[in-house]
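Every number for a ligand or one of its atoms is a count from 1 in the order of the listing.
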Amino acid sequence: MPTRSRSRPIRILTAVPICDGHDSPIITINFELVRHGIEVIYLGYHRSARDIVRAAIQEDVQAIGLSSYNGGHIEFFSEVLQSLKRAGAGDIGVFGGGGGTITPTDAKLMKRRGADEIFFAGTPLATMVEFVKSRYGTQRSADSLVRSLRKSDSRGQGRPRSDHQLAKLLSAAEQSTALNARHSTLDTRVLGVTGPGGAGKTTLIDELVLRFLLAKPRGRIAILSHDPSLVGSGALLGDRAAMIYSQDDRVFMRSFATRGQAGGLSRATSRAIDVASSSHFDLVIVETVGIGQEAVPFNRAKMKSVLVMSPDYGSRLQLQKIAMLDAADIVVVNKSDLPGAKTAASEIEQRLARNRRGQPVISTVAKRHRDPGVDHLFKEIMR
Ligand code: B12
């Protein structure tokens, strides 16, 4: 069967190094890259070389852009470059800047050690975008990627895939409709988490990850997270920046842009769930973009779905219009420390009663450590 493949936008991971909170330059640069069609996975500030390299491999990016102002740029860039090589990912490029804190002499040394480019104070944004496009714009075709993966995958039958292998398979799943995942004989739970933007889905997932890591000392978890593509097909994939516990070696996280698909997920999500489910994970969590009233993103058998809402949905009438209230297995009222949360939970319970499906309503405060509501939700999910 001929492989139908899509051209892949350039994917770049950006971050600010450890002990550095100067994030405003990289936030501006992120938006400029996104505006020009690039998918940017933003990891946030105060990030270790280990976190950055793990994320870059899992996200299968072409390059890492670092913004460093803390004075440790020579050592930090070298550590990232060496870690990439050690992990067999030396093909991921590294570039960056740090205004006047990086001198031309420092930059020369950093480039000798493997950095692709260092940008100095006064460089126009257009120059950086042009560099990223020309340096990282060429890519392997989906066909050759799928062929080489099939070869390496058949050699590794039965063993958990490395982050590197899994990341490439997910890229192939995103690019090619002909990729069929090995049929999973494993008992992987799949959990879909959806809800309107700002309800706290990402924080809640991170708290669930913490409970999972504590409850299953050898368990592995995959997160497939979605953010919307913006003008010109670029996207700012920022869920990782809000994650703490998900920066663990037992967690594999991949950010998907919707690339024009409506409804909260990407065209590749179903294939990506198959790939992740057949890769020895105990739990696969799928997070949608912030959804609207009419969206019902999950339609897979054997998948539990959670709708996360905040108490400020408006009047009782609004509840009648939310389609996902009929489809969800569990409904969460997050931010239940806000005024009106008790009323919200009781209105939602009344709305669900007519479904006669016994859908539980659980009140949580995901931003609070050791929140008993999140403990309750975790038990309900793992039941
Ligand atoms: C704004 C700023 C702050 C803000 C940061 C706000 C924020 N959220 O980002 C605040 C006030 C919070 C702050 C705090 C501190 N700061 Co401060 N800060 C600055 C300042 C004035 C500007 C930096 C900036 O935003 N530049 C704007 C960007 C867009 O331009 P640029 O730097 O020229 O960068 C260009 C290129 O390099 C490129 N680029 C930059 N990054 C990247 C990344 C990629 C991928 C690419 C492609 C390109 C690129 O983009 C620009 C293009 O023209 C600098 C001084 C200066 N003039 O540089 C000090 C400076 C960086 N800070 C400094 C210090 C010491 C601190 C503090 C430690 C002060 C203190 N004692 O509390 C704290 C530390 C805070 C922390 N948690 O890390 C020192 C660092 C000294 C050093 N490393 O040797 C500086 C140099 C001031 C100084 N002269 O002493 N700071």
Side-chain angles (χ1 to χ4, degrees), residues 9-84 89-138 230 232 234-238 240-242 244 247 255 257:
I10 301 172
R11 281 168 71 86
I12 300 288
L13 181 122
T14 63
V16 177
I18 197 136
C19 298
D20 196 339
H22 291 89
D23 62 351
S24 79
I26 197 65
I27 287 172
T28 307
I29 292 164
N30 284 344
F31 279 123
E32 195 61 12
L33 293 172
V34 168
R35 224 166 60 77
H36 286 86
I38 293 160
E39 290 184 357
V40 177
I41 296 103
Y42 179 49
L43 195 57
Y45 61 87
H46 185 45
R47 292 301 186 187
S48 69
R50 188 185 165 90
D51 286 357
I52 291 170
V53 168
R54 185 198 303 105
I57 291 172
Q58 293 180 351
E59 298 287 356
D60 193 23
V61 294
Q62 279 99 326
I64 300 171
L66 296 173
S67 189
S68 168
Y69 286 85
N70 64 10
H73 42 270
I74 296 180
E75 294 76 12
F76 196 82
F77 273 66
S78 298
E79 196 182 336
V80 168
L81 283 158
Q82 280 166 15
S83 305
L84 283 170
D91 58 329
I92 297 180
V94 177
F95 66 107
T101 61
I102 305 182
T103 65
T105 315
D106 292 348
K108 238 186 227 163
L109 178 58
M110 290 158 81
K111 283 169 88 167
R112 229 183 298 135
R113 291 186 181 176
D116 291 332
E117 193 55 85
I118 301 298
F119 293 94
F120 297 107
T123 313
L125 289 169
T127 308
M128 299 176 210
V129 172
E130 203 33 59
F131 165 81
V132 169
K133 283 187 161 176
S134 61
R135 179 81 192 218
Y136 306 117
T138 49
L230 305 176
L236 182 63
L237 306 169
R240 276 180 178 273
I244 302 168
Q247 321 280 340
S255 312

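- Looking only at side-chain heavy atoms (C-beta outward), Asp106 and Thr103 come within less than 4.5 Å of each other.
- Remark: distances from the non-hydrogen atoms of Thr28 to ligand 1 are all 4.0 Å or more.
- Listed by atom number, the atoms of ligand 1 under 4.0 Å from Leu66 heavy atoms are 43 (C), 44 (C), 45 (C).
- Under the 4.0 Å distance rule, the nearest protein heavy atom to atom 15 (C) of ligand 1 falls inside the cut-off.
- For ligand 1 and Asp20, the ligand atoms under 4.0 Å from any heavy atom of the residue are 78 (O).
- Of the protein's heavy atoms, at least one falls inside 4.0 Å of atom 43 (C) of ligand 1.
- Between Phe95 and Phe119, the ring planes lie perpendicular to each other; the angle is over 60°, past the 30° to 60° tilted range.
- Residue, atom and distance of the protein heavy atom nearest to atom 85 (C) of ligand 1 are Thr101 CG2, 4.8 Å.
- Looking at Gly72, Gly21, Gly99, it is Gly21 that brings a heavy atom closest to atom 76 (C) of ligand 1.
- Counting only distance, with no hydrogens or angles, the side chain of Glu59 and the backbone of Ser255 share a donor-acceptor pair below 3.5 Å.
- Any N or O atom pair closer than 3.5 Å counts here, and His22 shares at least one such pair with ligand 1.
- The pair Lys111-Glu117 meets the salt-bridge criterion, with a side-chain N (NZ, NE, NH1 or NH2) lying under 4.0 Å from an Asp/Glu carboxylate O.
- Protein non-hydrogen atoms do not reach within 4.0 Å of atom 54 (C) of ligand 1.
- Both the backbone and the side chain of Asp23 come within 4.0 Å of ligand 1, judged by heavy-atom distances.
- Less than 4.0 angstrom separates some heavy atom of Gly71 from each of these atoms of ligand 1: 83 (N).
- Within 4.0 Å of atom 72 (O) of ligand 1, not a single protein heavy atom is present.
- At a 4.0 Å heavy-atom cut-off, ligand 1 touches Ile29 through the side chain alone.
- By the 4.5 Å heavy-atom criterion applied to side chains, Arg47 and Gln247 are counted as neighbours.
- Asn30 contributes no side-chain N or O that, together with a main-chain N or O of Tyr42, makes up a donor-acceptor pair within less than 3.5 Å.
- The ligand atoms of ligand 1 that sit less than 4.0 angstrom from a heavy atom of Ala121 are 33 (O), 35 (C).
- Only the side chain of Ile26 comes within contact range of ligand 1, with a heavy atom under 4.0 Å; no backbone atom does.
- Contact analysis leaves Gly100 out of contact with ligand 1, as no non-hydrogen atom separation drops below 4.0 angstrom.
- Of all protein heavy atoms, the one lying nearest to atom 6 (C) of ligand 1 is Ser24 OG, 4.4 Å.
- We find the CD-CD1 distance between Gln58 and Ile41 to be 11.0 Å, quoted to the nearest 0.5 Å.
- In this structure, the side chains of Ile38 and Arg11 stay at 4.5 Å or more apart for every pair of heavy atoms.
- Counting only heavy atoms, the protein never gets under 4.0 Å from atom 57 (N) of ligand 1.
- Under the 4.0 Å distance rule, the nearest protein heavy atom to atom 31 (P) of ligand 1 falls inside the cut-off.
- Distance check: Leu33 CG to Ile12 CD1 gives 7.0 Å after rounding to the nearest 0.5 Å.
- The closest non-hydrogen atom to atom 83 (N) of ligand 1, taken over Tyr69, Phe131, Phe95, comes from Tyr69.
- The backbone N or O of Thr123 sits nowhere less than 3.5 Å from a side-chain atom of Thr127 that would complete a donor-acceptor pair.
- Checking atom 19 (C) of ligand 1 against the protein gives a heavy-atom contact under 4.0 Å.
- Within ligand 1, counting atoms from 1 as listed, the ones closer than 4.0 Å to a heavy atom of Gly98 are 37 (O), 40 (C), 41 (N).
- Judged purely by atom type and a 3.5 angstrom limit, His73 has no side-chain atom pairing as donor or acceptor with the backbone of Tyr69.
- For the 3.5 Å distance criterion, the side chains of Asp20 and His46 fail to qualify, holding no donor opposite an acceptor.
- Close approach of ligand 1 to Phe120 is summarised as follows: ligand atoms under 4.0 Å from at least one heavy atom of the residue are 35 (C), 36 (C), 37 (O), 53 (O).
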Task: side chain to side chain contact (heavy atoms under 4.5 Å, CB included) between Phe77 and Ile118, worked out - done: CA-CA 11 Å; Phe77 273 66; Ile118 301 298; 3.8 Å; yes

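- The part of Met128 lying near ligand 1 is the side chain, judged by heavy-atom distances below 4.0 Å.
- With contacts defined as side-chain heavy-atom distances shorter than 4.5 Å, the pair Leu43/Ile52 qualifies.
- Heavy-atom proximity to atom 45 (C) of ligand 1, evaluated over Ala15, Ala107, Gly65, is greatest for Gly65.
- The line from CE of Met128 to NZ of Lys133 is 15.0 Å long, rounded to the nearest 0.5 Å.
- Within a 4.0 Å radius of atom 9 (O) of ligand 1, the protein contributes at least one heavy atom.
- At the shortest separation from atom 25 (O) of ligand 1 among protein heavy atoms lies Pro25 CG, 3.3 Å.
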Task: Stepwise side chain to side chain contact (heavy atoms under 4.5 Å, CB included) check, Val94 with Leu66 - done: CA-CA 8 Å; Val94 177; Leu66 296 173; 4.2 Å; yes

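- Taking every non-hydrogen atom of Gly122 and a distance limit under 4.0 Å, the qualifying atoms of ligand 1 come out as 53 (O).
- Taking 4.0 Å as the cut-off between side-chain N and carboxylate O, Arg50 and Glu79 do not count as a salt-bridged pair.
- Counting the atoms of ligand 1 from 1 in the order shown, those under 4.0 Å from a heavy atom of Ser67 are 40 (C), 41 (N), 42 (C), 43 (C).
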